[in-house]
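For reference, the structure is listed below as structure tokens.
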Amino acid sequence: MLDVTDHAAVIAFCDERSIGLVVIGPEAPLVAGLADDLRAAGIAAFGPSKAAAQLEGSKGFTKDLCERAGIPTAGYVRTASLADALVALARFKPPYVLKADGLAAGKGVIIAETRAEAEAALAAMFADAGAEVVVEEFMEGEEVSLFALTDGATIVPFGTAQDHKRVGESDTGPNTGGMGAYSPAPVLTPELRGEAITRILAPTVRTLADEGMPYSGVLYAGLMLTSEGPKLVEYNARFGDPECQVLMMRFEGDLGEYLLACAQNRLASLEPPRFSPETALTVVMAANGYPGIPEKGGAIDGIETAEAGGARVFHAGTALADGQLVANGGRVLNVTAIGDTLGEAQSKAYAAVDAIRFPTGFCRRDIGWREVERACGA
Ligand code: AMP
Ligand code: GLY
């Protein structure tokens, strides 16, 4: 199998097969500079350079950029010293938000309810040599995700979504990579979306270009809708998981055309992308134990029956063992459906979930609850 950390091997593979576009999905190879090395070898790559991928790779980088560009986000202190971090706590009210710099697969953020908890967490974070931490203001509001393609000059909005980060129903328990999602997210009204593009995405893209590290690829802005308007929580340098699944269910057209245009700095020449007005919803089926150590090897049956009802089942962490489909990861399946309303998509997705037999797995039964409550006027 091709080792993607061996960039020379990736380039040789592409050359041998005359590959015209490489789409770099996850963040680690972006932060490692795979896009730079492919471009230097004359191979079109979708995804930001190593420098621009710091938007996801370094929380401190993004906070400093927001400050330089006047982008609305939580107030913060970035420091490599435990003593300074402890002093910084006094600037903020509880709950305290503490973020380790660097990629942490969603596990680098601690929300501490009390000063004592925050102090203990900081002591643990600084136990790692060379640690750098961002202490930031807690933002109140609803979270929503906004996607855009950019080639460093043109910004093309590419849909909205909301995910469910906590493992348990009613958003309880530890954070995960996401237990389900839906798109569009009506809470991000066209007005708020416009404000987020003008005040957050546009200055980000402009500042990175002005500073010699133009961003090319997909920008996933995690936003908090506060009483003062949308503020940036974080950027991802990729389509989210499972946000990608719901966005792609609604995207109409040739995705390759957009990704290639992005890689070749000619997004401005394309028509705006079209998305179905329907709602897509996905339910993650995870292996027992997730987000801790997941139970591997559990049998999974019934995918065909689930799909016969119109749902799409995306495999996230499965394997074949002697012809039997088995769980092979934390998040195992994304059971996805589309409907005229969120309620219809939700019913279809859960009907498909119920057709799947996965005794060593679990899922949340309330994906989409915010919109269901809003529809009921709650
Ligand atoms: P991040 O990795 O920066 O997205 O943080 C993970 C999660 O922590 C976010 O999705 C939010 O739910 C929460 N979070 C991060 N920063 C803040 C903040 N400043 N205020 C409130 N919640 C936050
Ligand atoms: N679901 C959030 C992420 O992919 O980062």
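Everything quoted here is computed from the prediction, not taken from an experiment. The first residue of the sequence shown is numbered 1, and numbering continues consecutively from there. Order of appearance sets the numbers: ligands from 1, and atoms from 1 within every ligand.
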Hey, which atoms in ligand 1 end up nearer than 4.0 Å to a heavy atom of K99? 3 (O), 15 (C), 16 (N)
Between R331, R238, E243, flag the one that comes closest to atom 5 (O) of ligand 2 by a heavy atom. R238
Going by the atom numbers of ligand 2, which of them fall below 4.0 Å from some non-hydrogen atom of N236? 5 (O)
Please state which part of E136 comes within less than 4.0 Å of ligand 1, counting heavy atoms only: side chain, backbone, both or neither. side chain
Should the pair R17 and F13 be classed as cation-pi, given the thresholds of under 6.0 Å to the six-membered ring centre and 45° from the axis? yes
Mind checking whether G178 has an N or O less than 3.5 Å away from an N or O of ligand 2? no
Over 60° means perpendicular and under 30° means parallel, so classify the ring planes of F251 and F275, tilted if in between. perpendicular
Between Y220 and F147, how do the two ring planes meet: parallel, tilted or perpendicular, split at 30° and 60°? tilted
Report yes if N175 has an N/O atom closer than 3.5 Å to an N/O atom of ligand 1; otherwise report no. no
Which residue and heavy atom of the protein sit nearest atom 2 (C) of ligand 2, plus the separation: G177 O, 3.4 Å
Given salt bridge (Lys or Arg N to Asp or Glu O under 4.0 Å), test R331 with D241 step by step and report yes or no. CA-CA 10 Å; R331 291 181 295 163; D241 179 11; 3.6 Å; yes
Using a 4.0 Å cutoff against the non-hydrogen atoms of Y220, which atoms of ligand 2 qualify? 2 (C)
Determine, for E373 against R370, whether the closest basic-nitrogen to carboxylate-oxygen distance falls under 4.0 angstrom. no
Could you name the option among E137, M139, R166, E234 that has the heavy atom nearest to atom 4 (O) of ligand 1? E234
Any donor-acceptor pair under 3.5 Å linking the side chain of E307 with the backbone of I303? no
Ligand 2 N/O within reach of K165 N/O, cut-off under 3.5 Å: no
Non-hydrogen atoms of A74 and E136 that approach each other most closely: CB-OE2, 3.7 Å
Give the atoms of ligand 1, by number and element, whose distance to some non-hydrogen atom of F138 is under 4.0 Å. 20 (N), 21 (C), 22 (N)
Can you list the atoms of ligand 1 that are under 4.0 Å from a heavy atom of M224? 21 (C), 22 (N)
Can you tell me how far apart CE (M224) and NZ (K231) are? Round to the nearest 0.5 Å. 10.0 Å
Taking only heavy atoms of K59 into account, list the atoms of ligand 1 that are under 4.0 Å away from them. 1 (P), 2 (O), 3 (O)
Below 4.0 Å, non-hydrogen atoms only: which portion of E140 touches ligand 1? Side chain, backbone, both or neither. neither
What are the atoms of ligand 2, with element, lying closer than 4.0 Å to any heavy atom of G240? 4 (O)
Any idea which atoms of ligand 1 are less than 4.0 Å away from a heavy-atom of A74? 19 (N)
Determine, considering heavy atoms only, which of T226, I111, T73 sits nearest to atom 14 (N) of ligand 1. I111
D163: numbered ligand 2 atoms lying under 4.0 Å from its heavy atoms: 1 (N), 2 (C)
What one should report as the nearest heavy-atom pair of K348 and A337 is CB-CB, 3.5 Å
Which pair of heavy atoms, one from V353 and one from M285, lies closest together, and at what distance? CG1-CE, 4.0 Å
Side-chain heavy-atom pair L225, L192 within 4.5 angstrom cut-off: yes
